[in-house]
**Q** 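Below are the structure tokens for one structure; questions will follow.
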Amino acid sequence: MQEFLAGKFDIAVIGAGHAGIEAALAAARMGLETVIFTINLDAVGNMPCNPAIGGTGKGHLVRELDALGGEMGKAADAACIQYRMLNRGKGPAVHSLRAQADRRKYQQVMKHTLERQERLTVRQGEIVDLRTENGRVKQVVLRTGAVFAVRAVILCTGTYLRGRTIVGECVEDSGPDGMHAAGELTEALLREGLPLRRFKTGTPPRVNARSIDFSKMEVQAGDEDPLPFSFSTEEVRENRAVCWLTYTTEETHRIILENLNRSPIYSGVIEGVGPRYCPSIETKIVRFRDKPRHQLFIEPMGLDTEEMYIQGFSSSMPEEVQLRMLRSVPGLENAVMMRPAYAIEYDCVDPLALRPTLEVKSIEGLYGAGQFNGSSGYEEAAVQGFVAGVNAALKLKGQEPMILKRSESYIGTLIDDLVTKGTQEPYRMMTSRSEYRLLLRQDNADKRLTPIGYKLGLISGERMRAVEEKYAAVEAEVKRLEHTGIAGCEALNRLLTDRGSAPVTDGARLIERPRFPRRCGSRWRSR
């Protein structure tokens with residue numbers, strides 16, 4: 001293949017998934033000439049697994065990213081069809097927002113955002129080579145022979161790097177959703193001495209809604225008073241869709257156990273290490289044999305499609321076994337499968353090879369983000385992409401790096417875990433990962449991180465002032481409550497007990513009321 005110099009850029013981002021998008025936008029918005037490459041432009045911002053943003057722990061990441069000036073929260077709001085706050089029955093520290101998204105709308109929003117961004121070039125093409133000189137990134141090369149001179153590269157390869165999809169005995173070299181894999185880039189990274197290893201993830205089948213009997217399932221409605229992801233979203237969309245809940249049965253479990261010899265996980269076909277906290281349905285059945293059933297959530301893929309996602313039913317079983325498994329579930333007896341479930345193996349780096357800035361220790365100017373770093377999940381990918389993009393830009397501008405602390409963000413926890421502890425499986429963010437989780441609530445992410453985004457130039461002065469005014473008002477109200485007393489009386493105590501709160505006996509200041517116990521069933525529980 002004859003090569004030719006196709007252009008010069010400050011930063012090249014390889015991959016336009018959730019990590020690549022945030023990396024490219026951050027770098028371009030900070031004034032660096034940036035190019036983002038993707039194997040297929042139609043896959044920009046793709047959700048190859050569940051069509052949702054957020055969830056337990058992950059919602060915190062999205063809120064923090066938004067507070068710093070990232071894009072995911074805004075796109076989630078633009079494409080949301082159902083908002084739901086998880087863990088409402090627990091303390092506010094673990095409340096986590098989840099947005100069911102219109103998958104194609106989300107992609108459309110993100111692709112258009114990239115296309116409109118100043119200093120950012122969007123390019124379809126497969127990167128097959130990465131070249132260095134004197135231990136520093138120098139060039140990236142497309143399969144077509146186009147060579148781009150660059151000063152920094154951010155690897156956001158997702159599950160494409162030597163990707164291999166597996167459905168029973170059917171194994172093929174492939175990225176997600178039938179996209180072709182990126183094989184030659186792995187060879188280039190190995191030549192550069194990067195410590196790569198093999199991980200695995202998977203996705204459930206999709207079913208036509210016309211073939212589902214929803215009368216046998218439980219409705220999972222959205223919140224009556226939905227909150228948006230982005231602190232800058234002024235008008236919250238009404239919930240326009242519902243999800244559904246059903247369960248596996250004894251028959252489901254019997255089918256799986258009788259066909260374990262055909263499962264690539266147990267037959268040795270799958271070599272990569274899978275996620276412990278998001279296992280396949282066959283792994284759940286084997287690991288928890290005494291459990292009579294497992295939850296399955298039926299989720300719409302969008303408003304203009306009949307495709308439904310079967311959350312909790314990830315599998316690599318042969319297609320005909322998958323069909324039998326599906327049809328053993330209440331409401332899915334006549335299910336018409338539109339896409340079979342599959343497992344996917346891919347190459348990724350040992351994150352111990354990375355600095356806290358997400359730069360590779362052995363190659364100056366080379367950064368990693370997302371599943372390339374050994375994590376899983378759209379949200380984990382997005383925040384790493386943002387950090388890598390910011391730090392690549394700061395380094396090229398000769399400025400100090402941005403390293404978020406564990407004590408100030410879940411993002412800091414995630415990156416610190418990866419680069420100091422490493423991971424032996426695809427890393428997933430959970431609230432239990434952070435020792436500071438009682439302080440790092442999703443609702444105060446703007447207070448914690450907006451000043452950092454403003455300093456980077458990614459948050460406007462208007463938005464910074466709005467945050468300052470908001471928390472000045474909060475402080476004023478706290479002081480008012482501290483200096484305002486309340487005396488008990490029959491009418492007040494009747495009102496409090498009617499609302500499940502303890503009565504006032506000896507008088508108290510208003511600031512003490514939130515600490516009073518509230519009735520939970522037949523017991524009193526502290527707030």
Side-chain angles (χ1 to χ4, degrees), residues 48-50 158-178 181 197-207 246-299 308-333 335-348 371 374 376-377 423-428:
C49 200
N50 61 313
T159 59
Y160 284 84
L161 209 56
R162 215 158 53 91
R164 187 174 78 142
T165 55
I166 303 159
V167 182
E169 296 85 10
C170 179
V171 181
E172 56 183 333
D173 293 337
S174 172
D177 286 327
R197 69 263 189 90
R198 201 84 170 143
F199 273 0
K200 162 259 176 187
T201 187
T203 189
R206 275 67 159 180
V207 171
T246 187
Y247 297 87
T248 60
T249 62
E250 290 184 7
E251 177 64 8
T252 314
H253 300 191
R254 184 190 66 78
I255 293 168
I256 291 171
L257 292 173
E258 287 184 357
N259 287 276
L260 277 183
N261 63 315
R262 300 184 66 190
S263 167
I265 296 174
Y266 295 98
S267 67
V269 172
I270 291 177
E271 301 170 355
V273 180
R276 181 176 20 153
Y277 296 105
C278 190
S280 67
I281 186 64
E282 48 264 42
T283 299
K284 289 181 189 176
I285 301 308
V286 170
R287 190 179 297 169
F288 307 106
R289 289 197 183 220
D290 295 335
K291 194 169 183 178
R293 64 179 189 174
H294 294 270
Q295 289 183 328
L296 302 176
F297 291 94
I298 316 300
E299 304 174 352
M308 305 294 285
Y309 178 88
I310 315 299
Q311 175 75 273
F313 218 59
S314 177
S315 179
S316 59
M317 282 287 199
E319 187 170 329
E320 60 94 3
V321 178
Q322 289 186 35
L323 273 171
R324 290 165 55 200
M325 290 159 53
L326 275 173
R327 292 172 178 171
S328 68
V329 173
L332 300 179
E333 293 88 349
V336 174
M337 189 164 66
M338 298 177 69
R339 307 188 201 209
Y342 63 86
I344 184 166
E345 291 184 325
Y346 55 95
D347 291 337
C348 56
Q371 286 179 281
S376 68
T423 181
Q424 300 305 312
E425 62 189 16
Y427 180 101
R428 175 185 177 184

**Q** Do any N or O atoms from the side chain of Ser316 and from the backbone of Val167 form a donor-acceptor pair under 3.5 angstrom?
**A**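 No, the answer is negative, given that no donor and acceptor are paired below the 3.5 Å cut-off.
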**Q** Count the heavy atoms of every other residue, nucleotide or ligand shown that sit under 6.0 Å from CD of Gln424, and state whether that count exceeds 12.
**A**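 No - once you tally the heavy atoms of other residues, nucleotides and ligands closer than 6.0 Å, there are 12 at most.
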**Q** Can you give me the closest heavy-atom contact between Gly312 and Lys284, atom names plus distance?
**A**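 That would be O-NZ, 3.3 Å.
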**Q** Within the side chain of Tyr342, is there an N or O that forms a donor-acceptor pair under 3.5 Å with the backbone of Gly168?
**A**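 Checked: no pair found.
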**Q** Could you check whether any side-chain N or O of Ser267 sits under 3.5 Å from a backbone N or O of Ser263, counting only pairs where one atom can act as donor and the other as acceptor?
**A**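 Between the backbone of Ser263 and the side chain of Ser267 there is a qualifying donor-acceptor contact (under 3.5 Å).
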**Q** Can you tell me how far the OG1 atom of Thr201 sits from the CD1 atom of Ile344, to the nearest 0.5 Å?
**A**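 Spacing of OG1 (Thr201) from CD1 (Ile344) equals 8.5 Å.
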**Q** Run the salt-bridge test on Arg262 and Glu169 with the 4.0 Å N-O cut-off and return the result as yes or no.
**A**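 A salt bridge links Arg262 with Glu169.
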**Q** Side-chain contact, heavy-atom cut-off 4.5 Å: Arg162 with Asp173?
**A**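 No - every pair of side-chain heavy atoms lies 4.5 Å or more apart.
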**Q** I need the Thr283 OG1 to Tyr266 OH distance, nearest 0.5 Å.
**A**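 So the gap between those two atoms works out to 4.0 Å.
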**Q** Between Thr165 and Gly175, which heavy-atom pair has the shortest distance, and what is it?
**A**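 Thr165 and Gly175 have their closest heavy atoms at CG2-O, 3.6 Å.
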**Q** Does any part of the side chain of Thr203, heavy atoms only, come nearer than 4.5 Å to the side chain of Pro48, both counted from C-beta?
**A**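 They are not in contact (no side-chain heavy atoms under 4.5 Å apart), so the answer is no.
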**Q** Side-chain contact test, heavy atoms from C-beta onward, threshold under 4.5 Å: evaluate it for Arg289 versus Leu257 and give yes or no.
**A**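 Arg289 vs Leu257: side chains touch.
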**Q** Under the criterion side-chain contact (heavy atoms from CB on, under 4.5 Å), I'd like the reasoning laid out for Thr248 against His253: C-alpha separation, chi angles, the key distance, then a yes or no.
**A** CA-CA 7 Å; Thr248 60; His253 300 191; 2.9 Å; yes
**Q** For the pair Arg197 (side chain) and Cys348 (backbone), establish whether a donor and an acceptor sit closer than 3.5 Å, ignoring hydrogens and angles.
**A**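 A pair under 3.5 Å: no.
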**Q** Dump the intermediate steps for side-chain contact (heavy atoms from CB on, under 4.5 Å) on Tyr160 and Tyr346, then the final yes or no.
**A** CA-CA 6 Å; Tyr160 284 84; Tyr346 55 95; over 6 Å; no
**Q** Measure from NZ or CZ of Arg293 to the centre of the six-membered ring of Tyr247, then state whether that distance is under 6.0 Å and the direction lies within 45° of the axis.
**A**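 Relative to the ring axis of Tyr247, which defines the angle, Arg293 lies inside both limits.
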**Q** If you round to the nearest 0.5 Å, how far is CG of Leu326 from CD1 of Ile281?
**A**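 Ile281 atom CD1 to Leu326 atom CG measures 10.5 Å (nearest 0.5 Å).
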**Q** Between the main-chain N or O of Ser280 and the side-chain N or O of Glu282, is there a donor-acceptor pair closer than 3.5 Å?
**A**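 No: the side chain of Glu282 does not pair with the backbone of Ser280.
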**Q** State the CE-CG distance between Met308 and Leu332, to the nearest 0.5 angstrom.
**A**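 The CE atom of Met308 sits 9.5 Å away from the CG atom of Leu332.
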**Q** Can you run down the salt bridge (Lys or Arg N to Asp or Glu O under 4.0 Å) pairs that involve residues 267-281, sequence neighbours left out, and say none if there aren't any?
**A**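 Applying salt bridge (Lys or Arg N to Asp or Glu O under 4.0 Å) to every pair that reaches into residues 267-281, excluding sequence neighbours, yields Arg276-Glu425.
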**Q** Do Gln371 and Ser376 meet the criterion of a side-chain donor-acceptor pair at a distance under 3.5 Å?
**A**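 Result is no, nothing qualifies.
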**Q** Mind listing the closest non-hydrogen atom pair of Met337 and Pro205 along with its distance?
**A**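 Looks like SD-CB, 3.6 Å.
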**Q** Checking the side chain of Glu345 only, and the main-chain atoms of Arg164 only, is there a donor and an acceptor separated by less than 3.5 Å?
**A**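 Side chain of Glu345 to backbone of Arg164, a donor-acceptor pair under 3.5 Å: no, none is there.
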**Q** What heavy-atom pair brings Gly202 and Ser314 nearest, and what distance separates the two atoms?
**A**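 Here Gly202 and Ser314 meet closest at C-OG, 3.5 Å.
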**Q** Report the residue from Asn50, Ile298, Val207 that forms a side chain to side chain contact (heavy atoms under 4.5 Å, CB included) with Tyr309.
**A**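 Only one of Asn50, Ile298, Val207 forms a side chain to side chain contact (heavy atoms under 4.5 Å, CB included) with Tyr309, namely Asn50.
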**Q** Please answer whether the main-chain N or O of Thr252 pairs with a side-chain N or O of Thr249 as donor and acceptor at a distance below 3.5 Å.
**A**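 It does hold such a pair.
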**Q** For Glu250, is there an ion pair with Arg254 - N to carboxylate O distance below 4.0 angstrom?
**A**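 The answer is no: the pair does not qualify as a salt bridge.
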**Q** Any side-chain to backbone donor/acceptor pair from Arg428 onto Tyr277? Under 3.5 Å, distance only.
**A**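 Such a contact is found between Arg428 side chain and Tyr277 backbone.
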**Q** Kindly determine whether Ile310 and Glu299 satisfy side-chain contact (heavy atoms from CB on, under 4.5 Å), including the steps that lead there.
**A** CA-CA 7 Å; Ile310 315 299; Glu299 304 174 352; over 6 Å; no
**Q** Measuring from His294:NE2 to Lys291:NZ, what's the distance to the nearest 0.5 Å?
**A**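 Atom-to-atom, His294:NE2 and Lys291:NZ are 5.5 Å apart.
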**Q** Is it the case that the side chain of Gln322 and the backbone of Met317 share a donor-acceptor pair, with hydrogens and angles ignored and the cut-off at 3.5 Å?
**A**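 A pair under 3.5 Å: yes.
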**Q** Once rounded to the nearest 0.5 Å, what's the spacing between atom CD1 of Ile256 and atom OG of Ser328?
**A**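 Interatomic distance, Ile256 CD1 to Ser328 OG, rounded to 0.5 Å: 7.5 Å.
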**Q** What are the two closest heavy atoms between Met325 and Phe313, and how far apart are they?
**A**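 Shortest heavy-atom contact: CB-CZ, 3.7 Å.
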**Q** Are any side-chain N or O atoms of Arg206 and backbone N or O atoms of Pro204, one a donor and one an acceptor, separated by less than 3.5 Å?
**A**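 Yes, because the side chain of Arg206 sits within donor-acceptor range (under 3.5 Å) of the backbone of Pro204.
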